[in-house]
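For clarity, every value in this text was computed on a predicted model and none was experimentally measured.
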Amino acid sequence: MRLMALVLALLIQALIGYLFRKKLAGLFDLFFLNLTYVAFGTSGLIFFYISAGNPKVLDELVLMFFWLAGTLLGSHMVVSLSARKRVATASYNLGRRSGTNHDMICFALVCLMYVLYAAQIVNSGIFSIDAAIIDNRFLVQQNNKFQAYLFSAAGLLPGVLLFRIRPKLTGWQFFFAVTPFWITQASTFSKTGFLFPVIAACLYYSMKIKSGDMPKPDMRRQLLYLSLTAGSVFIIFTGITEFVINSEFSAFTLLLDRLLSSFDGLAYLSAINLSKEGELSLFQFYLSPFLKVLGLYNQPYNAFNYVIAVEYFGQPPDFSGMLPNNNHIGEIMVTFTTYFRAPVAILSGCLYGFVYNTSVKYVMRGGIFLIPAAFVVATPFGFLIDGQGWASAFFSSLLLMLVTTLIMGAIKLVKVFGRCPRPHMVAK
């Protein structure tokens with residue numbers, strides 16, 4: 001069964017990758033790599049439907065199809081608008097300079113977020129090399145949720161911002177540039193932490209290819225690099241399995257099961273009769289993290305995974321690491337009635353596809369919205385995969401954008417007042 005699910009997942013990834021081929025910079029485009037999560041989660045959900053025969057699972061799969069179709073449509077809308085404006089790819093080429101003052105301020109702010117988060121990890125003192133480390137990393141977020149949201153917005157931006165400020169780094173220069181960020185990410189013992197150099201490199205070089213600064217590698221070289229990366233990931237996961245988790249299952253089985261259960265929240269949702277179907281709100285889900293930080297909201301129905309916990313387990317657990325994964329399709333299922341779900345899924349997909357492709361073009365040009373645009377580029381399919389978690393990080397990126405705007409405004413004011421003549425300098 002696992003082998004069949006693996007084959008189906010690879011076919012789904014190849015099919016979706018083919019449909020989006022014009023948006024890709026190659027097999028190492030993070031947009032394509034994140035399809036792995038979507039493809040394996042969808043494959044696992046399909047085989048769960050085959051084994052359980054629950055019609056709710058089929059509804060979830062149909063909504064997934066509508067959302068992906070909407071994303072494809074939305075991305076083509078961007079291409080059509082760009083074609084009408086006759087925007088040339090050469091205009092994105094950054095070889096003419098190494099980044100503006102705004103780019104440098106954005107990069108400095110991201111570095112500050114890393115420093116603050118690293119200090120929080122060190123001060124927490126909760127880590128020990130044992131099986132509990134997988135759960136303990138969630139406790140860091142409980143100490144300062146607001147800071148955790150800001151770090152989630154800034155965590156994957158170094159690869160994109162390095163493209164803005166230093167578009168001609170060599171391989172070793174890039175590796176040394178991202179190593180300090182990697183150390184902080186790896187200390188969280190998360191998947192993103194261990195794979196951070198790969199993610200950052202994919203972002204950096206895919207943006208260089210899309211901007212025209214670098215030719216697309218031939219397919220043989222891409223397949224070779226992809227094989228080496230997959231092998232390295234498997235070796236790292238094997239080490240974690242053997243020396244940290246000490247599991248009785250093989251590393252391959254654990255890794256495959258983890259990927260196939262990416263949409264586990266949808267599987268739980270299909271097994272319950274939701275008592276509040278259509279009564280909850282997406283805005284309630286997306287704003288509740290910030291309202292909770294301000295002490296204005298503390299209800300059990302404040303996220304999709306909390307809904308599952310309350311309806312399936314009877315009460316939300318005290319520890320957030322025990323919750324199932326968030327998922328945008330699940331959020332649509334629990335906040336809209338049957339007749340509105342498909343239109344909402346299509347519109348949501350269209351909006352995300354439009355925003356993602358617009359963000360890619362915006363990162364190449366630069367400007368005031370660089371941080372939120374870079375966040376969207378660094379988290380392809382993040383809205384589908386994580387729902388509320390992605391939305392909370394996106395809102396946090398808007399806050400970081402506001403900070404950079406205020407800093408730029410302060411710098412301009414200093415320059416303006418610095419040019420004003422002093423009273424004693426005015427000619428009598």
Side-chain angles (χ1 to χ4, degrees), residues 1-76 191 195 198-199 202 206 216-234 237 250-267 270 325 327-330 342 345-346 349 352-353 356 380-386:
M1 183 70 74
R2 287 191 178 94
L3 182 59
M4 295 175 62
L6 172 62
V7 173
L8 179 60
L10 295 177
L11 290 175
I12 293 174
Q13 184 174 11
L15 175 60
I16 301 177
Y18 176 78
L19 294 175
F20 286 94
R21 64 190 182 281
K22 294 183 179 180
K23 322 296 177 200
L24 302 178
L27 297 180
F28 272 89
D29 193 322
L30 198 61
F31 188 89
F32 179 76
L33 295 180
N34 271 28
L35 279 176
T36 303
Y37 196 99
V38 177
F40 275 82
T42 304
S43 176
L45 204 59
I46 290 174
F47 274 88
F48 179 74
Y49 169 71
I50 293 174
S51 60
N54 192 327
K56 287 186 178 180
V57 182
L58 183 60
D59 294 341
E60 294 165 351
L61 290 170
V62 171
L63 287 181
M64 188 84 66
F65 169 79
F66 283 145
W67 192 91
L68 291 172
T71 303
L72 183 62
L73 177 61
S75 63
H76 278 297
K191 299 183 294 296
L195 297 176
V198 176
I199 296 173
C202 290
S206 63
K216 183 184 295 187
D218 61 85
M219 186 57 67
R220 290 184 179 181
R221 182 171 297 181
Q222 291 186 56
L223 290 173
L224 174 61
Y225 290 160
L226 190 62
S227 301
L228 292 174
T229 302
S232 301
V233 171
F234 182 73
F237 193 83
S250 67
F252 176 78
T253 301
L254 285 176
L255 180 60
L256 184 58
D257 287 349
R258 177 64 186 87
L259 289 172
L260 292 175
S261 61
S262 298
F263 296 152
D264 58 346
L266 296 178
S270 66
N325 294 320
N327 183 274
H328 183 55
I329 300 301
I346 295 173
Y352 180 78
Y356 178 83
F381 293 105
F383 189 36
L384 171 67
I385 294 170
D386 198 17

A.B. asks: Taking all atoms of both residues into account, what is the closest heavy-atom pair of S43 and A5, and its distance?
C.D. replies: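 Here S43 and A5 meet closest at OG-O, 2.7 Å.
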
A.B. asks: Is it true that a side-chain atom of S270 and a backbone atom of K56 form a donor plus acceptor pair closer than 3.5 Å?
C.D. replies: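 Side chain of S270 to backbone of K56: no pair is present.
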
A.B. asks: Compare every heavy atom of I329 with every heavy atom of L266, then report the nearest pair and how far apart it is.
C.D. replies: CD2-C, 4.2 Å

A.B. asks: Identify the heavy atoms of L30 and P380 that sit nearest to each other, and give their distance.
C.D. replies: O-CG, 3.5 Å

A.B. asks: Rounded to the nearest 0.5 Å, how far apart are CG of N327 and CG of L384?
C.D. replies: 6.0 Å

A.B. asks: Quick check for you: to the nearest 0.5 Å, what is the distance between I46 atom CD1 and L61 atom CG?
C.D. replies: 5.5 Å

A.B. asks: Would you call F32 and I16 a side-chain contact if the rule is heavy atoms closer than 4.5 Å?
C.D. replies: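 No. Closest side-chain heavy atoms not under 4.5 Å.
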
A.B. asks: Do the side chain of E60 and the main chain of A267 share a donor and acceptor less than 3.5 angstrom apart?
C.D. replies: no

A.B. asks: Hey, are the side chains of L8 and F47 touching, using non-hydrogen atoms and a 4.5 Å cut-off?
C.D. replies: yes

A.B. asks: Work out which heavy atom in I12 is nearest to a heavy atom in T42; give both atom names and the distance.
C.D. replies: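 Nearest heavy atoms, I12 then T42: CD1-CG2, 4.1 Å.
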
A.B. asks: In Å, rounded to the nearest 0.5 Å, how long is the span from CD1 of I50 to CG of L58?
C.D. replies: 11.0 Å

A.B. asks: Output the distance between atom CG (N34) and atom CG (D29), rounded to the nearest 0.5 Å.
C.D. replies: 9.5 Å

A.B. asks: Measure across G41 and S262 and return the closest heavy-atom pair with its distance rounded to 0.1 Å.
C.D. replies: CA-CB, 3.9 Å

A.B. asks: Just verifying a value: how many Å separate L259 CG and L6 CG, rounded to the nearest 0.5 Å?
C.D. replies: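 Those atoms lie 9.5 Å apart.
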
A.B. asks: Could you tell me which non-hydrogen atom of V57 sits nearest to which non-hydrogen atom of Y49, and how far apart they are?
C.D. replies: CG1-CB, 3.5 Å

A.B. asks: Are T71 and Y356 packed together at the side-chain level, in the sense that at least one heavy-atom pair is separated by less than 4.5 angstrom?
C.D. replies: no

A.B. asks: Are F263 and F48, when compared by the centres of their aromatic rings, separated by less than 6.0 Å?
C.D. replies: no

A.B. asks: Y352: which residues meet the ring pair (Phe, Tyr, Trp, His ring centres under 6.0 Å) condition with it, sequence neighbours left out?
C.D. replies: W67, W390

A.B. asks: Taking the side chain as C-beta and beyond, is there a heavy-atom pair between Y37 and F381 under 4.5 Å?
C.D. replies: no

